[in-house]
**Student:** 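Before anything else, here's the structure in question.
Here is how names work: the chains are called A, B, and so on, in the same order as the sequence lines, proteins then strands, and each is numbered from 1.
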Number of protein chains: 2
Amino acid sequence: MTHRKAQRTSAQAPDAPAAPLPAAPLPAAAPPAPDSARPGDLAERNVLVDLVAVVVAVSHDEPRVLTLDNGASLPAGPFGSDARSLQTGLRDWVERQTHHPLGYVEQLYTFADRDRTGADGQRVMSISYLALTREQAERRAQAEGTWLGWYACFPWEDWRDGQPAVVREILAPALMQWAAAAPSTVMRAQRRRRVATAFGLDGATWHDEMVLQRYELLHEARLTPESLRHVPEAERPAVVAPGHAMTGDHRRILATGVARLRGKIRYRPVVFELMPETFTLLDLQKAVEALAGRRTHKQNFRRLVEQQELVEETSEMSTTRVGRPARLFRFREEVLLERAIAGTKPAG
Amino acid sequence: MTHRKAQRTSAQAPDAPAAPLPAAPLPAAAPPAPDSARPGDLAERNVLVDLVAVVVAVSHDEPRVLTLDNGASLPAGPFGSDARSLQTGLRDWVERQTHHPLGYVEQLYTFADRDRTGADGQRVMSISYLALTREQAERRAQAEGTWLGWYACFPWEDWRDGQPAVVREILAPALMQWAAAAPSTVMRAQRRRRVATAFGLDGATWHDEMVLQRYELLHEARLTPESLRHVPEAERPAVVAPGHAMTGDHRRILATGVARLRGKIRYRPVVFELMPETFTLLDLQKAVEALAGRRTHKQNFRRLVEQQELVEETSEMSTTRVGRPARLFRFREEVLLERAIAGTKPAG
DNA sequence: CCGAATTATACTCATTCGGAGCATATAAAA
DNA sequence: TTTTATATGCTCCGAATGAGTATAATTCGG
């Protein structure tokens with residue numbers, strides 16, 4: 001069978017849909033496993049399961065993620081058999097540890113590659129979650145963990161002031177060199193094309209939601225500290241991409257979360273989970289721009305928000321610093337119901 | 001804290017993005033788990049992990065899913081510690097069992113609710129995958145499993161001939177009755193709104209990708225056989241939604257896969273994984289219509305496909321049954337590279 | 001108190017894109 | 001030869017989107 005070449009296309013597109021509901025109201029017995037498919041004994045089949053959370057908040061025009069050990073890793077906890085569901089397990093765990101109430105929570109991805117092993121060499125599987133919250137000043141004191149800016153981890157992702165210098169001066173040359181170092185002509189061309197589309201070079205446009213592709217590309221090109229951990233000093237390349245690295249593959253998980261949020265923000269009103277009770281339209285715009293890492297046209301942004309009826313006026317005005325005072329708005333909770341956006345099960 | 005009501009918005013939106021890459025080229029050690037967060041001993045933490053596959057093919061204008069035991073369940077297998085990664089584990093497993101080579105594979109969701117228990121009462125966790133393939137006639141003989149039409153499972157999802165009678169005559173009345181049976185006025189209104197938006201009633205438009213919401217709604221309203229398993233005969237409602245039920249929560253997993261594929265088909269050229277080497281534009285349109293469960297404007301469909309340069313002409317023409325013979329086309333593999341669609345890592 | 005600076009907010013214009021229809025071409029069947 | 005069915009090319013319209021212009025309401029620096 002001479003089939004198409006890309007037969008084994010893998011599944012790393014940056015935008016898969018669907019995330020199902022938690023436990024159904026009624027218990028549904030798990031299906032009996034087919035006998036033919038039970039090789040190995042139980043011990044071999046058992047794995048440790050961790051929950052990892054990408055907890056996001058926005059403050060001072062900067063999206064931040066909650067980290068432990070001074071930014072070394074994401075909050076993670078064991079998945080105990082006592083948890084009712086994954087979601088509640090995660091929610092309880094993170095809230096207990098960080099004292100931050102989580103708003104929106106959604107499953108990201110489950111990682112279980114062979115190299116992910118724990119202390120005793122047992123395989124560790126991580127189920128990652130994206131969680132949105134408001135960074136609350138009064139809670140900051142008791143909260144463990146530190147809020148780390150997204151763009152400290154991914155400096156190349158912030159295009160709010162145009163193409164960052166990192167891209168032009170460091171990453172683009174290094175990636176192109178990596179592309180040129182490929183063994184065959186075909187691979188060189190392929191790599192160049194991948195680099196160009198991912199980083200918006202050669203006239204390609206920048207796609208803000210391709211966060212994961214870009215990180216993986218840097219990883220593959222050995223430009224991240226994470227990818228160099230087991231490479232002997234001698235063989236290391238001269239350049240390393242700037243940006244705060246993390247333990248294990250936590251930065252990859254973070255990239256997954258950032259990508260997901262950037263994609264979602266377009267067609268679902270999730271920004272409001274990150275906003276205070278009332279806000280001006282400029283506040284809202286700044287938050288969206290911070291998350292997307294790019295500027296938007298002011299008037300068009302307002303038109304969009306208003307014609308979609310996402311917000312409603314309050315009688316109050318902002319205590320303006322300078323310029324004409326702006327009206328304070330409030331999110332219209334009704335839209336969650338109207339458009340069946342928050343999932344099938346409403347709160348309560 | 002009198003915060004917003006929908007504070008605990010859950011994460012069941014029908015369209016989350018992002019699915020990361022498999023194992024990074026270099027091993028990355030897993031982060032040491034924080035000691036403070038290790039309650040329970042190992043035995044308590046261990047869970048069984050299964051892989052469940054939603055394998056999709058299209059034949060005779062009907063999308064089908066691969067099932068075992070005459071449609072009773074989806075192919076599922078244990079996740080052994082020997083598998084290199086989840087993807088390859090799944091791929092090997094399904095290909096060995098069904099003799100069907102998988103094309104595109106992507107992770108769907110990880111289920112681990114408390115009620116999911118195995119034979120010995122241990123908790124079972126399922127990582128579900130969506131896989132696309134071509135149903136190959138010559139392999140059908142040796143392949144185990146049967147191809148079950150989507151719409152046998154979800155009759156209400158096929159709108160190719162307009163609103164199905166099931167919706168109007170059975171589901172809509174039953175759901176509205178369920179809504180009316182809610183304890184409070186607020187809940188009644190909420191339920192009505194959810195039903196209307198999910199099923200396109202009361203002037204709301206039908207959204208083909210809300211497959212999961214609809215299934216969950218039926219489940220919650222106790223209209224599915226799955227939701228009635230542990231309900232005593234006496235308490236069962238009079239009506240049950242028609243449609244082929246499955247073991248455990250396999251139909252929920254299938255709904256997740258259908259939703260994902262319907263969403264994805266819009267902006268990623270994944271249909272071609274389901275098409276033969278060459279095809280007419282009508283073939284392609286029929287496949288898309290079958291998956292989406294709704295008709296499309298012929299001329300506009302062609303315009304879209306051609307202006308996006310997804311296909312290229314072949315010299316051959318279809319041996320037409322009746323009418324003017326159509327040109328055979330072929331998928332332009334290049335688009336996968338050009339748009340970085342197939343993920344970061346190209347085949348090989 | 002005045003003008004400059006700054007921000008808010010209301011309109012307008014052009015382009016693109018998606019839905020829907022009309023017209024014509026090419027085949028088999030009646 | 002007419003009918004029927006499909007393929008294929010083209011036009012029209014309205015909604016959504018990108019980008020610019022104009023005016024209003026403040027603070028701030030003299």
**Student:** Would Y104(B) and E106(B) count as having a side-chain donor-acceptor pair, cut-off 3.5 Å?
**Tutor:** yes
**Student:** Round to a whole Å and report the spacing from CZ of R302(A) to P of dT7(C).
**Tutor:** 14 Å
**Student:** What salt bridge (charged side-chain N to carboxylate O under 4.0 Å, His left out) pairs are there with at least one residue in residues 198-208 of chain A, not counting sequence neighbours?
**Tutor:** D208(A)-R266(A), D208(A)-R294(A)
**Student:** Taking atom types as modelled, find out whether Q285(B) and T296(B) have a side-chain donor-acceptor pair closer than 3.5 angstrom.
**Tutor:**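 There is such a pair (donor and acceptor under 3.5 Å, judged by atom type) between the side chains of Q285(B) and T296(B).
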**Student:** Can you check the L284(A) CG to dT7(C) C1' distance for me, whole Å?
**Tutor:** 16 Å
**Student:** Using a 4.0 Å cut-off on protein heavy atoms (strictly under), produce a 5'-to-3' string for nucleotides 22-30 of chain C with B for base contact, S for backbone-only sugar-phosphate contact, and - for none.
**Tutor:** B--BBBS--
**Student:** When the distance from CZ of F279(B) to C1' of dT6(D) is rounded to whole Å, what number comes out?
**Tutor:** 18 Å
**Student:** How is L282(B) classified with respect to the nucleic acid when contacts are heavy atoms under 4.0 Å: base, sugar-phosphate, or nothing?
**Tutor:**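 Result for L282(B) = sugar-phosphate.
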**Student:** In terms of side-chain heavy atoms, does R327(A) have a donor or acceptor partner in T280(A) at a distance below 3.5 Å?
**Tutor:**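 The answer is no; no qualifying pair exists.
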**Student:** Give the rounded distance in Å between these two atoms: CZ of F301(A) and P of dT17(D).
**Tutor:** 13 Å
**Student:** Would you state whether a donor and an acceptor, one from the side chain of R303(A) and one from the base of dG18(D), lie under 3.5 Å apart?
**Tutor:**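 Checked by distance alone, the answer is yes.
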**Student:** Taking CD from E313(B) and P from dG9(D), how many angstroms apart are they, rounded to a whole number?
**Tutor:**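 Distance, rounded to whole Å: 9 Å.
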**Student:** Tell me: CZ of R327(A) to P of dA24(D), nearest whole Å?
**Tutor:**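 The distance from CZ of R327(A) to P of dA24(D) comes to 17 Å, rounded to the nearest Å.
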**Student:** Parallel, tilted or perpendicular, judged at 30° and 60°: which one describes the rings of F331(A) and F272(A)?
**Tutor:** parallel
**Student:** Answer with yes or no whether N300(B) presents, from its side chain, a donor or acceptor under 3.5 Å of a partner atom in the base of dG19(C).
**Tutor:**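 Yes, a donor-acceptor pair under 3.5 Å.
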**Student:** Any Lys/Arg nitrogen of E209(A) or R260(A) sitting under 4.0 Å from an Asp/Glu carboxylate oxygen of the other?
**Tutor:** no
**Student:** Rounding to an integer number of Å, can you tell me how far K298(A) NZ sits from dA19(D) P?
**Tutor:**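 Answer to the nearest Å: 17 Å.
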**Student:** What is the distance, to the nearest angstrom, from the CG atom on L328(B) to the P atom on dT6(D)?
**Tutor:** 17 Å
**Student:** More 5' along DNA chain C: A326(A) or L304(B), using each one's nearest nucleotide?
**Tutor:**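 In this pair, the answer is A326(A).
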**Student:** Between R160(A) and E62(A), does any NZ, NE, NH1 or NH2 come within less than 4.0 Å of an OD or OE carboxylate oxygen?
**Tutor:** yes
